A.B. asks: 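Sharing a structure, written as structure tokens. Questions coming.
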Amino acid sequence: MKALEFFDHIVKHPGEYAEKWKKETHGKVIGHFCSYTPVEIITAAGALPFRIFSSGVDISKADAHLQAYSCSLVRGALEDALSGQLDFLDGTVFPHTCDSIQRLSDIWRMNTNFGFHSDLILPVKLIGESAGEYMTAVLRKFKEALEKNIGVRISEEDLKKGIETCNRVRENLGRLYSLRQKNLHVIQSSDVHTIFKASMIMDAKQAAEKLHGLVVELEGELEGELEGESKGDNDASVPERKRLVLSGGLCTMPDIYDIVETAGGAVVWDDFCTGSRYFEGEIEEMNDPIAAIASRYLKRVNCPAKHSGVLSRGEYLVEKVRQNQADGVIFLFLKFCDPHAFDYPYMKEMLEKQGVPSMLFEIEDQTSSEGQLKTRCEAFMEML
Amino acid sequence: MTESQKPIDPEKEKRKIKSDKRMKEIMTEYYVEAKTPREQRGKKIAWITSGGPVEPLICMDIIPVYPENYGAMIGASKMGVDLCEKSEEMGYSRDLCSYARADIASATVNGGPIGGLPEPDMLICCNNICGTVLKWYEVQARYFKVPLFILDTPICHTEFTKEMRQYVVKQIKEYIAFLEDVCGKPFDYDRMDEVGALSFRGQELWQAILDTTMHKPAPITCFDAFFHLAMIVTLRGTRTVVDYYEMLLAEMKERIAAGIGMIPDEKHRLLWDNLPIWYKMRWLSDKFASHNACLVADTYTSGWTSSMKYLDPDDFLGSLAEGYTRIFLNAGTDIMADNIMGMAEKYDAVGVVFHSNRSCKPYSLGQYDIQRIVQEKMGLPTLMIEADMVDERSFSESQIDTRIDAFIEML
Ligand code: SF4
Ligand code: SF4
């Protein structure tokens with residue numbers, strides 16, 4: 001499929017995309033680290049919000065700044081920055097999440113020179129009146145800092161448009177998820193992942209259009225199929241796959257989906273910040289656009305580095321398993337990731353109480369983990 | 001040979017800190033009261049993080065209990081590995097903070113040197129030290145099923161903004177409302193003034209004690225400070241701390257007057273960065289002493305006075321938000337580097353020993369840069385020790401032994 005190749009190319013060459021975009025638009029590229037970055041505001045400023053994933057190169061320069069007990073995302077991103085792979089950036093935003101990102105921000109600020117450096121210190125606690133007020137205040141301040149630093153004025157209209165565009169990206173990503181959810185053969189999970197990753201790098205308007213085109217195409221294909229000969233999930237020629245939900249903080253391991261699928265599984269949902277957390281929760285079109293952005297962050301399921309109750313993430317996971325009639329859960333996170341490692345035991349226990357089996361896989365670094373993950377996945381699938 | 005049969009070494013005897021005995025008594029009384037069964041005790045118990053605002057609890061007659069202090073006790077009594085392994089069996093990764101791991105396990109088996117901490121009636125978590133405490137207190141809130149209050153103190157990488165101030169000030173009000181609710185009684189603002197003043201006085205005295213090491217020879221080393229720290233952490237805001245530290249300070253002054261240094265022949269004055277390695281305190285202290293090296297100050301124990309400049313003794317409650325947000329660990333790496341350089345000058349240190357503590361990411365990540373800055377700007381030699389504060393499995397004695405020797409030779 002042509003559209004897929006297009007997304008795949010971007011994921012494989014993110015820098016090339018950003019540089020080309022810059023040349024064409026004369027806009028600024030703002031790197032960032034997580035789904036708590038208000039990409040709507042950056043888009044409204046006419047800049048490109050560029051999510052930084054570690055390229056996975058061998059670590060050499062970052063070793064002089066980070067101990068071996070920091071996660072591969074943090075080390076890998078710093079390596080990319082120090083070795084010149086991110087030179088197209090005009091700035092970086094660090095939403096405050098975990099302790100490692102917090103210190104990466106300092107090290108980044110002290111050792112790189114991308115221009116705009118923004119510490120976006122959102123509340124850690126997402127419940128209570130004070131947190132809501134503060135969230136909005138910080139986002140407002142971020143907008144002002146961005147305006148000042150890249151020399152633009154962001155009007156109310158710009159903001160509303162930015163929100164609308166990003167909402168459209170989310171809506172289409174959501175449609176892609178439901179397509180996959182209902183009809184596992186229409187699109188592979190690994191492709192969904194590629195598309196997600198590309199959308200986090202691409203210009204929002206372009207992403208919305210491309211995504212829309214793809215979704216319409218796939219939906220059409222499906223309809224045609226339904227009318228014609230059924231090749232759907234109920235077809236006996238397609239062996240029944242185990243339905244799986246992935247949970248954790250995956251950012252860097254592209255092949256996981258292939259591994260799961262080869263082992264006889266199908267991913268039906270996830271709670272990744274590079275997955276469902278990215279598109280869930282539309283921003284309401286309210287009078288105050290910044291307050292609307294804040295409100296989405298407060299309502300959406302939280303990342304483990306934030307707090308919206310002591311059971312929030314476990315309840316979300318159990319609910320998603322139920323909704324998607326999943327057979328099991330695979331927890332996946334990077335080694336040395338504290339927030340996820342702290343949540344794992346209770347989430348696993350909540351699943352157990354519902355009779356849902358799960359397995360945990362800690363990713364140390366991309367390549368060495370793959371073989372192991374394959375074996376573990378196969379064993380898990382057999383057990384289901 | 002039992003203690004009493006050992007021949008008394010007059011040299012050693014002279015260097016012993018006499019106040020230690022009183023300190024042990026106070027800490028015992030404190031834990032005995034906290035561990036008294038609920039019905040006889042009458043008071044409620046709050047578990048609170050080491051950097052959390054304890055003063056409102058004291059004001060409400062709640063006994064504050066510090067899992068981190070207990071973590072240190074577990075480490076010092078070498079019970080850390082066992083408890084850490086238990087937590088790993090419970091599914092917690094070995095890469096997590098060993099205070100948290102030890103405490104999470106200890107709660108389920110009443111482990112550690114005093115057979116577990118008394119059960120909390122509430123949990124107070126202030127994230128000014130790390131994000132770990134948030135996750136850790138969530139675990140305990142699920143386990144004990146008690147209310148959890150989170151005081152969210154935004155990290156001040158480069159600044160403390162007016163938005164942050166408003167946010168934390170508002171949370172202090174929420175904190176007080178929470179306490180009124182849990183205790184079913186109104187907050188006593190007059191008493192808060194007294195508690196606040198005592199807390200401030202305690203911090204002043206603690207800093208004065210730490211500052212006695214500016215004198216040469218230093219009357220104590222940071223290993224002594226690690227021991228006496230328990231008081232400012234756990235009983236901050238009480239008269240007990242003030243009285244005790246006055247006594248300890250007087251003793252330090254006497255030592256200075258009599259020319260008694262903790263290291264008999266003090267030659268190299270050094271700084272320590274990061275938490276102590278609790279299970280190796282004696283070994284490390286002896287090791288440095290054998291080289292006539294005196295660790296005159298550290299960034300950890302002075303952490304409890306790091307925000308005095310933002311606190312107002314006459315309006316403690318009003319300045320609480322800023323004071324508790326702007327502690328040294330809740331700031332950028334460059335500010336932490338400045339802090340170390342300031343200390344090196346103040347205490348006239350000739351080198352810095354960094355403990356790269358795999359338990360504590362906010363304290364340890366960034367240390368390599370600090371190390372470089374200290375070397376470049378001040379030309380001070382530094383040593384990096386890779387270890388963990390409680391989990392002994394991450395300590396390689398022979399390797400560290402050699403590295404200390406090599407470092408001292410460089411001085
Ligand atoms: S993977 Fe975990 S430790 Fe690494 S940056 Fe993300 S939250 Fe932090
Ligand atoms: S040792 Fe570090 S990570 Fe652990 S509780 Fe203390 S500040 Fe947090």
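Protein chains get the first letters and strands the later ones, always in sequence-line order, with residue 1 at the start of each. Please read these numbers as outputs of a predicted model, since none were measured by experiment.
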A.B. asks: Answer with side chain, backbone, both or neither: which region of B/D334 has an atom nearer than 4.5 Å to a non-hydrogen atom of chain A?
C.D. replies: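 For B/D334, backbone and side chain are both near chain A.
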
A.B. asks: Is chain A contacted by the side chain of B/A337, its backbone, both, or neither, given a heavy-atom distance below 4.5 Å?
C.D. replies: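 Neither the backbone nor the side chain of B/A337 comes within 4.5 Å of chain A.
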
A.B. asks: What residue in A/L66, A/V138, A/D106 has the most heavy-atom pairs under 4.5 Å with chain B?
C.D. replies: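 The option with the most such pairs is A/D106.
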
A.B. asks: Report which part of A/E349 has an atom under 4.5 Å of a heavy atom belonging to chain B: side chain, backbone, both, or neither.
C.D. replies: neither

A.B. asks: Measuring centre to centre across the rings, with the benzene-like ring taken for any Trp, is A/F94 within less than 6.0 Å of B/H157?
C.D. replies: no

A.B. asks: For A/T97, is it the side chain, the backbone, both or neither that has a heavy atom under 4.5 Å from a heavy atom of chain B?
C.D. replies: neither

A.B. asks: Below 4.5 Å, heavy atoms only, C-beta onward: do A/L317 and A/M350 meet side chain to side chain?
C.D. replies: no

A.B. asks: Given that the side chain runs from C-beta out, which part of B/E163 has a heavy atom under 4.5 Å from chain A: side chain, backbone, both or neither?
C.D. replies: both

A.B. asks: Relative to chain B, which segment of A/Q67 carries a heavy atom at a distance below 4.5 Å: side chain, backbone, both, or neither?
C.D. replies: both

A.B. asks: Hey, does the Lys NZ or Arg CZ of A/R376 hover above the aromatic six-ring of A/F361, less than 6.0 Å from the centre and inside 45° of the axis?
C.D. replies: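 That pair does not qualify as a cation-pi contact.
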
A.B. asks: What part of B/R372 gets within 4.5 angstrom of chain A, counting heavy atoms only: side chain, backbone, both, or neither?
C.D. replies: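 Side chain only.
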
A.B. asks: Please check if the distance between the ring centroids of B/W136 and A/F342 is under 6.0 Å.
C.D. replies: no

A.B. asks: Side chain, backbone, both or neither: which part of A/A64 has a non-hydrogen atom closer than 4.5 Å to chain B?
C.D. replies: backbone

A.B. asks: Measure distances from B/E386 to the heavy atoms of chain A and classify the residue's part below 4.5 Å as side chain, backbone, both or neither.
C.D. replies: side chain

A.B. asks: For B/E174 and A/S130, run side-chain hydrogen bond (donor to acceptor under 3.5 Å, both in side chains): C-alpha distance rounded to whole Å, both residues' side-chain angles, the deciding distance at 0.1 Å, then the answer.
C.D. replies: CA-CA 9 Å; B/E174 292 171 346; A/S130 54; 2.8 Å; yes

A.B. asks: Which residue out of B/N127, B/I155, B/I150 racks up the most heavy-atom pairs below 4.5 Å with chain A?
C.D. replies: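 Maximum pair count with chain A is reached by B/I155.
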
A.B. asks: Where does B/L134 contact chain A at under 4.5 Å (heavy atoms): side chain, backbone, both or neither?
C.D. replies: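 B/L134 touches chain A through side-chain heavy atoms alone.
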
A.B. asks: What part of A/A305 lies closer than 4.5 angstrom to a heavy atom of chain B: side chain, backbone, both or neither?
C.D. replies: backbone

A.B. asks: If you count heavy-atom pairs within less than 4.5 Å of chain B, which of A/K141, A/H96, A/E362 leads?
C.D. replies: A/K141

A.B. asks: What is the distance from atom OG of A/S358 to atom OH of A/Y344, rounded to the nearest 0.5 Å?
C.D. replies: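 Those atoms lie 5.0 Å apart.
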
A.B. asks: Kindly determine whether A/F114 and A/W108 satisfy ring pair (Phe, Tyr, Trp, His ring centres under 6.0 Å), including the steps that lead there.
C.D. replies: CA-CA 9 Å; A/F114 295 120; A/W108 196 278; 5.8 Å; yes

A.B. asks: Which atoms of A/K125 are under 4.5 Å from chain B, going by heavy atoms: the side chain, the backbone, both sets, or neither?
C.D. replies: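 Looking at A/K125, backbone and side chain both touch chain B.
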
A.B. asks: With no hydrogens and no angle check, do the side chains of B/E68 and B/T49 hold a donor and an acceptor under 3.5 Å apart?
C.D. replies: no

A.B. asks: If you count heavy-atom pairs under 4.5 Å between each of A/G309, A/P339, A/A68, A/G128 and chain B, which one has the most?
C.D. replies: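 Looking at each of A/G309, A/P339, A/A68, A/G128 in turn, A/P339 comes out on top.
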
A.B. asks: Given a strict heavy-atom distance threshold of 4.5 Å, which part of A/F336 is in contact with chain B: side chain, backbone, both, or neither?
C.D. replies: both

A.B. asks: Can you tell me which of B/E159, B/K135, B/K170 forms the most heavy-atom pairs within a distance under 4.5 Å of chain A?
C.D. replies: B/K135

A.B. asks: Go through A/P304, A/P345, A/S70, A/A137 and name the one with the most non-hydrogen pairs under 4.5 angstrom from chain B.
C.D. replies: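 Ranked by contacts with chain B, first place is A/P345.
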
A.B. asks: For the pair B/H355 and B/W272, name the ring-plane relationship: parallel under 30°, tilted 30 to 60°, perpendicular over 60°.
C.D. replies: tilted

A.B. asks: In terms of heavy-atom pairs under 4.5 Å with chain B, which of A/N111, A/V74, A/L311 leads?
C.D. replies: A/N111

A.B. asks: May I ask you to check whether B/Y363 and B/F328 place their ring centres under 6.0 Å from each other?
C.D. replies: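 Ring-ring flag for B/F328/B/Y363: true, centres closer than 6.0 Å.
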
A.B. asks: Contact part of B/T153 toward chain A, heavy-atom cut-off under 4.5 Å: side chain, backbone, both or neither?
C.D. replies: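 For B/T153, neither part sits under 4.5 Å from chain A.
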
A.B. asks: Is the cationic atom of A/R300 (NZ for Lys, CZ for Arg) positioned less than 6.0 Å from the six-membered ring centroid of A/Y36 and within 45 degrees of its normal?
C.D. replies: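 Yes, a cation-pi geometry.
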
A.B. asks: Is chain B contacted by the side chain of A/R109, its backbone, both, or neither, given a heavy-atom distance below 4.5 Å?
C.D. replies: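 Contact with chain B involves the side chain of A/R109 alone.
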
A.B. asks: Are side-chain N/O atoms of A/N302 and A/H307 paired as donor and acceptor at under 3.5 Å?
C.D. replies: no

A.B. asks: Have a look at B/D95 and tell me which of B/K361, B/R101, B/R358 forms a side chain to side chain donor-acceptor pair (under 3.5 Å) with it.
C.D. replies: B/R358

